[in-house]
A.B. asks: 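Quick one: this structure, given as structure tokens, is what I'll be asking you about.
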Number of protein chains: 2
Amino acid sequence: MNLILLDPNDLTVDGHVCITDPRRLTHLRDVHRSTPGALLTVGVQGGNMGKALLKELSAERAYFQLETLDEPPPPPLPVHLVLALPRPRMLARTLEHVTALGVKEITLLHTKRVEKSYWQSPELRAEKIHQHLLLGLEQARDTQLPTVTLSKGFRPFLEQQLPDLLGNRRGLVAHPGMPDPCPRNISEPTLLLVGPEGGFIAWEVEQLLTAGCEGMHLGPRILRVETAVTALLSRLF
Amino acid sequence: MNLILLDPNDLTVDGHVCITDPRRLTHLRDVHRSTPGALLTVGVQGGNMGKALLKELSAERAYFQLETLDEPPPPPLPVHLVLALPRPRMLARTLEHVTALGVKEITLLHTKRVEKSYWQSPELRAEKIHQHLLLGLEQARDTQLPTVTLSKGFRPFLEQQLPDLLGNRRGLVAHPGMPDPCPRNISEPTLLLVGPEGGFIAWEVEQLLTAGCEGMHLGPRILRVETAVTALLSRLF
């Protein structure tokens with residue numbers, strides 16, 4: 001938690017901050033080892049970041065005086081990430097990685113090689129996803145929550161969502177064996193599609209290319225999804 | 001396990017392969033769901049890769065006929081990675097990530113903000129480290145094991161190891177707040193130094209810069225060590 005991320009409800013009308021949830025209280029006490037008088041980095045969800053002076057820390061609440069709140073969050077990456085749904089533990093870590101890296105739009109997609117049972121995982125509950133996004137923001141010092149969309153059918157995605165997503169974005173499908181390497185240091189709005197462990201099937205790649213995406217690869221090595229996504233984002237932007 | 005990594009002892013004199021360890025047998029049976037007749041990708045530690053035909057799979061052994069063994073492993077990254085020792089679970093994952101990405105020389109370093117207790121972790125036992133390196137190679141389809149060196153004092157590293165390491169390498173220290181961004185798409189031999197959670201202390205950075213390293217940063221976001229290392233390697237090479 002490099003940033004104490006504040007819900008608008010944590011702000012009092014007179015410019016103070018009052019935190020009462022056990023997760024952040026425990027973190028302040030046991031990890032930060034904060035004591036009254038400490039000046040901590042805070043940020044308001046969806047808003048600015050700044051500094052707050054810790055006035056009081058008890059088992060029930062942390063009470064801060066807000067000193068500044070004038071620093072904008074870091075810029076987002078210009079990417080909508082479409083990720084074949086990974087297995088639950090990989091999903092949790094990947095959501096944290098990509099949120100920390102600055103991704104703001106995420107679609108989790110069903111493809112042929114996604115195990116159907118993954119869609120029943122408790123990790124897909126809205127509050128679990130939200131928790132991982134918060135951890136990513138707190139890690140990276142960011143305040144802008146990503147949106148996460150679940151897309152449980154490949155064909156409906158292809159027919160109903162992909163054309164709009166490609167309307168003003170460059171579509172890039174990461175797939176081993178494509179002729180072109182991953183582009184570097186681009187800045188245009190991008191739709192990045194990443195397959196599951198085992199990859200997209202050939203038919204899926206064909207459909208994505210026909211719809212206007214470009215294929216590209218990261219080299220001869222086969223990477224786990226969480227490694228590949230971080231490597232792709234870091235090379236692209 | 002995208003590659004069945006063979007120890008030279010797994011090879012019989014008449015060109016067959018015999019595997020008897022439970023880890024690989026279980027994986028062949030339960031994850032690959034291999035049956036006799038399957039043609040699988042194999043590689044010999046430190047040597048070439050190729051195909052082997054599964055002839056027999058029992059609880060005691062898997063027996064293959066080696067078909068080809070003429071594909072060289074993918075090229076390594078031209079980097080020696082010096083990583084402040086991360087906490088044990090992060091270390092395990094990071095070793096797998098960087099091995100999969102093609103790093104062949106790793107030094108784990110003590111710095112001021114590394115918790116001393118981490119050096120007592122069972123994850124640092126040679127056989128545990130070896131296991132994570134094997135998993136990284138099997139994931140990426142590579143056969144060349146990285147070397148891992150433990151460097152338990154910052155000053156001895158600085159005085160006795162760093163000058164040699166910098167003799168024929170470009171030294172790069174990844175540290176938030178440095179003026180220059182991480183270079184992109186370089187190919188020269190590189191020494192990449194990455195601090196612990198919380199970063200190098202100012203004195204450590206000064207010493208590294210004085211010794212001839214260049215400082216650089218990955219942007220305003222603070223990343224976890226495992227995310228940062230993957231992002232750095234992917235952007236640099």
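Just so it is clear, the structure is predicted and the values come from calculations on it, not from any experiment. Here is how names work: the chains are called A, B, and so on, in the same order as the sequence lines, proteins then strands, and each is numbered from 1.
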A.B. asks: When rounded to the nearest 0.5 angstrom, what distance separates CD1 in Ile19(B) from CG in Leu54(B)?
C.D. replies: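 The distance works out to 9.0 Å.
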
A.B. asks: Among Arg224(A), His97(A), Gln139(A), Glu226(A), which residue has the highest count of heavy-atom pairs closer than 4.5 Å to chain B?
C.D. replies: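 The option with the most such pairs is Gln139(A).
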
A.B. asks: Keeping the roles fixed (side chain from Thr107(A), backbone from Thr149(A)), state whether a donor-acceptor pair exists under 3.5 Å.
C.D. replies: no

A.B. asks: Check the surroundings of atom NZ in Lys104(B): do more than 12 heavy atoms from other residues, nucleotides or ligands lie under 6.0 Å from it?
C.D. replies: yes

A.B. asks: Take a 6.0 Å sphere around CZ of Arg89(B) and say whether it holds more than 12 heavy atoms from other residues, nucleotides or ligands.
C.D. replies: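 Open: at most 12 neighbouring heavy atoms sit under 6.0 Å from CZ of Arg89(B).
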
A.B. asks: At a heavy-atom separation under 4.5 Å, does Leu101(B) approach chain A through its side chain, its backbone, both, or neither?
C.D. replies: both

A.B. asks: Distance-only, no hydrogens or angles: does the Glu204(A) side chain make a donor-acceptor pair with backbone N or O of Thr111(A) under 3.5 Å?
C.D. replies: no

A.B. asks: I'd like to verify something: which residue of Asn2(B), Leu223(B), Leu233(B) has the highest number of heavy-atom pairs under 4.5 Å with chain A?
C.D. replies: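 So the answer, after comparing Asn2(B), Leu223(B), Leu233(B), is Leu223(B).
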
A.B. asks: Would you give the length of the straight line joining atom CG of Leu108(A) to atom OG1 of Thr94(A), rounded to the nearest 0.5 angstrom?
C.D. replies: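 With rounding to 0.5 Å, CG (Leu108(A)) is 9.5 Å from OG1 (Thr94(A)).
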
A.B. asks: What are the two closest non-hydrogen atoms of Pro88(A) and Tyr118(A), and how far apart are they?
C.D. replies: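 Looking at all heavy atoms of both residues, the shortest contact is CD-CD2, 3.9 Å.
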
A.B. asks: Counting distance only, does the side-chain N/O of Arg221(A) pair as donor-acceptor with the main-chain N or O of Leu137(B) below 3.5 Å?
C.D. replies: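 Checked: no pair found.
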
A.B. asks: Chain B contacts: which residues in residues 24-49 of chain A have a non-hydrogen atom closer than 4.5 Å to it?
C.D. replies: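 None at all.
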
A.B. asks: Where does Thr99(A) contact chain B at under 4.5 Å (heavy atoms): side chain, backbone, both or neither?
C.D. replies: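 When you check distances to chain B, only backbone atoms of Thr99(A) fall under 4.5 Å.
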
A.B. asks: Should Arg23(B) and Glu138(B) count as an ion pair when the cut-off is N to O under 4.0 Å?
C.D. replies: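 The answer is yes: the pair qualifies as a salt bridge.
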
A.B. asks: Could you have a look at Pro73(A), Pro75(A), Pro220(A), Gly102(A) and say which one has the most heavy-atom pairs with chain B under 4.5 angstrom?
C.D. replies: Gly102(A)

A.B. asks: In terms of side-chain geometry, is the basic nitrogen of Arg87(B) or Glu115(B) positioned less than 4.0 Å from the acidic oxygen of its partner?
C.D. replies: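 Salt bridge between Arg87(B) and Glu115(B), a charged N being under 4.0 Å from a carboxylate O: no.
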
A.B. asks: So which bits of residues 172-191 of chain A come within less than 4.5 Å of chain B, counting non-hydrogen atoms only?
C.D. replies: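 Within residues 172-191 of chain A, the residues that come under 4.5 Å of chain B (heavy atoms only) are Arg184(A), Asn185(A).
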
A.B. asks: If you count the non-hydrogen atoms of other residues, nucleotides and ligands that lie under 6.0 Å from NZ in Lys128(B), is the total more than 12?
C.D. replies: no

A.B. asks: Pick whichever of Glu96(A), Arg93(A), Arg141(A) has the most heavy-atom pairs under 4.5 Å with chain B.
C.D. replies: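 Greatest number of close heavy-atom pairs with chain B: Arg93(A).
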
A.B. asks: Within the side chain of Glu197(A), is there an N or O that forms a donor-acceptor pair under 3.5 Å with the backbone of Val225(A)?
C.D. replies: yes

